[in-house]
Amino acid sequence: MAKRMRNRDIAGYCERLANLLEIDGANPFRVRAWRNAAETMAGLSQSVADLVESDIDLTEYPHIGRDIAEGVRTLVTTGHLPPLDEIARRVPPELADLMQVQGLGPKGVKALYEQFQLHTLDDLERVAREGRVRELSGFGARKEAALLDGIRQLRATGEQRTRLADAEPVAAPLRDRLAAIPGVTEVTIAGSYRRRRATVGDIDLLVASDNGEAVMERLVEDDDVERVVSHGATRSTVILGDGLQVDARAVAPDSFGAALLYFTGSKRHNVALRQRAVDRGWKLNEYGLYDGDEPLEAASEAAIYRRLGLDWIPPELREDHGEIAAAESGSLPELVTVDAIRGNLHGHTDWSDGKDTLEAMIDAARERGHEYIAITDHGPRVRIANGLSPERLAEQADAIDAVAAEYDDITILKGCEVDILADGSLDLPDEVLARLDIIVCSIHYELRRSRAEQTERVLRAMENPHFMIWGHPTAREINRRDPIDIDMDRCLQAAAERCIAVEINAQPKRLDLSDTNARLALEKGCRIAVDTDAHATRHFDLLRHGIDQARRAGATAGDIINTRNLDDLRNLLRSRA
DNA sequence: GCCGTTTTCGGCCCGACTGTTTTCAGTCG
């Protein structure tokens, strides 16, 4: 068995093969087939390697047929993707990486390779600096400069996507500035931003105006704009000072709905919708839904969905994960909202590594209308966070009792975020845990252990009857730290069987569980806790980021334990023991 | 290479922008 592959790795191989096939001039539909399969696997909540190991037929999944299933099976077991090895004999595999340079596609890479025998980004940079790229037919001085720009940018940002919460404070003000332009009736940030993905690759700004040209003029002149990549009458691309790319499109107000649908995506969702239109003898594009040349609907998303026989689908669900079938049968889930949350079950005070006092945290929860709040400072193992010993935990309990007496509008739950040690034991003894109302169990250390070890670690911890909520289950930090390697399928199954809730941690750097893992958790029958893991009063406002991911997983209020009233919540937690 | 209640063969999204090949190919989303 080769080193265990993550879905992301497998998708990477398929994507690489697709790039090389494209450079080689293969049938474009064959290229797309591998890309589609890559996307399917990247978005799958189950581990593809597990599926292969369990002999599950991969062709059950969309866009994976006999050949690709066979290739992936071989890849997982041997570390080799045969068609990739085959093409690598003719096309240097490193060329696939050159396609990441903005403005450089398969044709360009092929031409550069044939002319200069260049393989790598460094080769390309050298040839471009020497001014030789412009000699090539189809290239010129401007293209050469653009490629150098593209190389610089690729080196600066890599493939890294921007966290949604980091994109918001840049994108929203720009949106508001465009909205203030005379004649603009509406501006919406579409794309993965509107679908609330945890990270965004760029910002898709959609503007409704009868004078798109004026909007584009204003955009490229904006103070935040560092570089203009393209600039047209209805469409422009700019790079902002912090490196974030913005794709802006202007459309007439009466086709805003169709454009919004189109530019919100996902690509997969759009393809499925267009197919549905074609099945009815119509055509759907960014300008509207048409019967021949006759426009049927365009002004609103809801009207277009309705005409296609579908309920309006919330953007968070538009990933082609079965939402279209659900919209057809009227069985879309009623997604949870921020307002449905009655309390936060994971948060810290200055007793451990929180910034604010017990009283301040309670007041912050009251200001947000919460009915209860759990105080879950760290257990002793997390020493750097000033984790609480049993003695200090007892002191804190007295402090909570004293404070609680002053409030009649909120209930304070005594809790702890205990550490799951490497051997699966918890960092506080059972008799201490037994005195608490709520116990969040999380992994903070020893993140690089093997999959088998991590799985055993968590399964063993879950045997403890005091394990109530699995906190930030994979310990990932977006763009900074990979998730731990663990058999999520088995652990979520165990959580479901033991009535353990799994957390969606709303800290923007975590968002852990991820949307796909949260979806898997729901499929397994787990209940979910959406928690802020607040370390300061202002962190209560991060809740919406966790709710975004819960919605992307298709969660209703009923799936979330902290939408329950206090009695129901207590019963749920007690059913654990 | 995938897919399928009009199909196991013949489809597979397409429009905007750029730069360069003076009429369009390549790239992108």
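Every chain is numbered from 1 and lettered A, B, ... according to where its sequence line falls, protein lines coming before strand lines.
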Would A/C14 and A/M41 satisfy side chain to side chain contact (heavy atoms under 4.5 Å, CB included), going step by step from the backbone distance to the final call?
-> CA-CA 10 Å; A/C14 296; A/M41 290 184 286; 3.7 Å; yes

Just how far, in rounded Å, is C1' of B/dG1 from CG of A/N19?
-> 16 Å

With C1' as the reference atom in both, quote the distance from B/dT20 to B/dA25 in angstrom, rounded to an integer.
-> 9 Å

With sequence neighbours left out, the residues meeting salt bridge (Lys or Arg N to Asp or Glu O under 4.0 Å) with A/D149 are A/R152, A/R227

Could you let me know what B/dT8 is paired to, Watson-Crick or G-U wobble, both distances under 3.5 Å, or none if it's on its own?
-> none

Given side chain to side chain contact (heavy atoms under 4.5 Å, CB included), test A/R268 with A/N270 step by step and report yes or no.
-> CA-CA 5 Å; A/R268 284 281 187 87; A/N270 286 349; over 6 Å; no

If you measure from CD on A/Q549 to CG on A/L513, what distance do you get to the nearest 0.5 Å?
-> 10.5 Å

With no hydrogens and no angle check, do the side chains of A/R197 and A/S192 hold a donor and an acceptor under 3.5 Å apart?
-> no

Check DNA chain B against residues 23-30 of chain A and give the residues with a non-hydrogen atom under 4.0 Å, in numerical order.
-> A/N27, A/F29, A/R30

Tell me, with the steps shown, if A/I486 and A/C491 meet side chain to side chain contact (heavy atoms under 4.5 Å, CB included).
-> CA-CA 8 Å; A/I486 192 166; A/C491 293; 3.7 Å; yes

Could you tell me whether A/R66 atom CZ has more than 12 heavy atoms of other residues or ligands within 6.0 Å of it?
-> no

A/K283 NZ to B/dC12 P: how many Å, rounded?
-> 13 Å

Any salt bridge between A/R195 and A/E319, counting N to O under 4.0 Å?
-> yes

Residue A/E135 excluded, over 12 heavy atoms near CD under 6.0 Å = yes

Mind checking A/A37 for me? I need base, sugar-phosphate or nothing, with any heavy atom below 4.0 Å counting as a touch.
-> nothing

Say you pick atom P in B/dC9 and the same atom in B/dG19; how far apart are they, in whole Å?
-> 47 Å

Listed in order of residue number, which residues of residues 297-323 of chain A have a non-hydrogen atom at under 4.0 Å from DNA chain B?
-> none

Closest to side chain of A/I68, choosing from B/dG15, B/dG1, B/dC13 = B/dG1

Taking the same atom, P, in B/dG1 and in B/dT6, what whole-Å distance lies between them?
-> 28 Å

Interatomic distance at C1', B/dT22 relative to B/dC28, whole Å | 24 Å

Would one find more than 12 heavy atoms of other residues, nucleotides or ligands at under 6.0 Å from atom CG of A/D57?
-> yes

Test side chain to side chain contact (heavy atoms under 4.5 Å, CB included) on A/L81 and A/R16 and set out the steps.
-> CA-CA 11 Å; A/L81 183 59; A/R16 194 173 180 78; over 6 Å; no

Taken to the nearest whole Å, CG/A/L17 to P/B/dG1 is 9 Å

Nearest whole angstrom, please: distance from the C1' of B/dC2 to the CG of A/L58.
-> 14 Å

Whole-Å distance, A/Q275 CD to B/dC14 C1', equals 14 Å

In B/S/- notation, 5' to 3', how is nucleotides 18-29 of chain B contacted by protein heavy atoms closer than 4.0 Å?
-> SSSB----SSSB

Could you check how far CZ of A/R268 sits from P of B/dC12, rounded to whole Å?
-> 18 Å

Under 4.0 angstrom, heavy atoms only, what part of the nucleic acid is A/N285 near: base, sugar-phosphate, or nothing?
-> nothing

Residues forming a salt bridge (Lys or Arg N to Asp or Glu O under 4.0 Å) with A/R196, sequence neighbours excluded = A/E168, A/D548

Distance between the C1' atoms of B/dC17 and B/dT23, in whole angstroms?
-> 16 Å

In whole angstrom, what separates A/L284's CG from B/dC13's P?
-> 13 Å

Value in whole Å for how far the P atom of B/dC14 lies from CG of A/L273 | 15 Å

Determine if the base of B/dT7 is syn or anti; take syn to mean the glycosidic torsion is within 90° of 0.
-> syn

Take atom P in B/dC12 and the same atom in B/dG29, then report the distance between them in whole Å.
-> 24 Å

Lys/Arg-Asp/Glu bridge criterion (N-O < 4.0 Å) met for A/E15, A/R35 | yes

When every nucleotide of nucleotides 4-9 of chain B is labelled 5' to 3' by its protein contacts under 4.0 Å (heavy atoms), B for base, S for sugar-phosphate only, - for none, what sequence of letters results?
-> ------

Between A/Y287 and B/dA16, does any side-chain N or O lie under 4.0 Å from OP1 or OP2?
-> yes

